[in-house]
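Atoms within each ligand, like the ligands themselves, are counted from 1 in listed order. The figures here come from the full heavy-atom set of this structure, side chains too, leaving out hydrogens, waters and symmetry mates.
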Amino acid sequence: MPDSDGGARSRAFFGDPGLPGFQHRAFTKAMGFDEESLRKPVIGICNTWSELNNCHAHFKDIAESVKRGVWQAGGMPMEFPTISLGEIFLSPTSMLLRNLAAMDTEEMIRGQPLDGVVLLAACDKTTPAALMGAISADIPSIMVSGGPMLDGWFRGETLGACTDCRRLTQEYRAGEMDEETYKALEDGIVRSPGHCMVMGTASTMNAMTEVLGMALPGNAAIPAMDARRRRLAERSGRRIVEMVAEGLRPSRILTRRSFENAVTLFSAIAGSTNAVVHLPAIAGRAGIDLPLELWDEISHRTPVIANLRPAGKYQMEALFNAGGIPGVLRELLPLLHGDELTVTGRTLAENVTDARIEDADVIRPLSDPVLPHGGTAVLRGNLAPGGAVIKQAAAGEDLMTHTGRALVFRDVADLSARIDDPDLDVDASSVLVLQNVGPVGGPGMPEVGNLPIPKKLLKQGVRDMVRISDGRMSGTAFGTVVLHVTPESAVGGPLALVRDGDLIELDVPERRLELKVSDDELARRRAEWTPPERHYTRGYGRLFLDHVEQADRGADFDFLRGRDPVEAYEQPKF
Ligand code: FES
């Protein structure tokens, strides 16, 4: 597509000799740009700043750093907003809007006279959404993420958002923490802008961006408030101008092998299970299938070497000081396709050759890993014929093989109403099942898969149980939690047929998830089953329900897979 390389789109926009070009120049000059600016390639800065997204509160500053770099390299930066998905603020779940944000990014790139784009993202869904949109539009693109927030700190203890929100809330619910202490925690756990600072979904997706070659080396782990993040933003601004001149588009960078590298890094950092949904969606935009089996296969041969919470001990600032993702990648090189191209114009291996590992307990050598195998396992069986996942690195070892009686909640409302009922028929061996929280049923796969432990069991000292659902779990969460059961219950998957008292067998070493009910009985239940009422009859929600794919395909819309590269800027000639 040479017509959008080297600034061709903006030249067509500003250089047209007729009325369209006259209008484009006149209206742009109204913002104070002069002729000299209009001759430069236009670099869009796709900014997801919002006061309803605490993780992105510093993005105006980061955009200014990018702009400096763009001007330095001879480009013309133009910042524009796209939808911002604040994980904490959005209801019913930010995941419902990931595909909308991806469409917004793609269409804003497509519709405006941009030659290249810098994507600013950080909070969980913003990173995959920005990548999905940019890959489908396929103009030169580079990601600058917001970086992890400062470590939480309370009474001498380093805290992680929101791994410790969950752990300490369990203590509070169990009556082991008083109201005043719980309240005081609020002031110390989230101390700055930036994304959650454990290896949750945001950290994982920004690590994925780096290994895919879509950001400069080091982008994922530099803390949000560290001046080095602004300096990286400035360098990224310079680099995107060069990428435009080189015609270095996502389609030249992203290959099946670069996605295999991403799954390898995912395994080595014990990344968030949400990546098992987001990465297939991102790959799908590049026309690449990432079957669940690949995750299991790579996980088997990849040790966990990043010692990071919630599976390990440290947080993102420690990872940064220990060498960041470049340090992890250098150690992992024997397991990677090092010859994959990146936004630097160099290969992945060339990018990390000089990376240093400053702390061998944070980034462990391959010979002395945190865990011998990757953090996530893919399960199959009559309860999940299309697959399910479990983050074994953050699960209870004693529950890795377990058979127990199902206690079924038909949706989130049912769960909320009954989970703390003192008369609930439950014990520590029960298997908690939550239905109707998948892509269609949730809707949007809310992060409710780590069902709370019933209060009466918390008081008995129970802190983990087997939990199964078709929903997701926050990357900062932990426990023996089976997620993304496919096909989901709302479209008639076997999860919909589970009843109280059924025996369920979980066998993680054998990768099995079985409902111990006869085929005849399941057929009888299926004949009686009726789908739940649809959540939406109009608007974006209806579009979502009509077109969302199942979790194993990334929960993208069926009509959004693939790319439709941006051509020259089109305009009427009169
Ligand atoms: Fe934004 Fe956790 S709330 S990454």
Worked verdict on Arg229 versus His58 for side-chain hydrogen bond (donor to acceptor under 3.5 Å, both in side chains): CA-CA 11 Å; Arg229 178 149 298 282; His58 56 315; 5.8 Å; no
Side chains of Glu447 and Asn274, donor plus acceptor under 3.5 Å: yes
Atom 1 (Fe) of ligand 1 - number of protein N/O/S atoms closer than 2.8 Å: 2
Any side-chain donor near an acceptor of the partner, Asp178 and Thr181, under 3.5 Å: yes
Pairs meeting criterion ring-ring contact (aromatic ring centres under 6.0 Å, His included) with involvement of residues 158-212, two or more places apart: Tyr172-Tyr182
Side-chain donor-acceptor contact under 3.5 Å, Thr48 with His56: yes
Polar contact flag, side-chain donor to acceptor under 3.5 angstrom, Arg563-Ser136: no
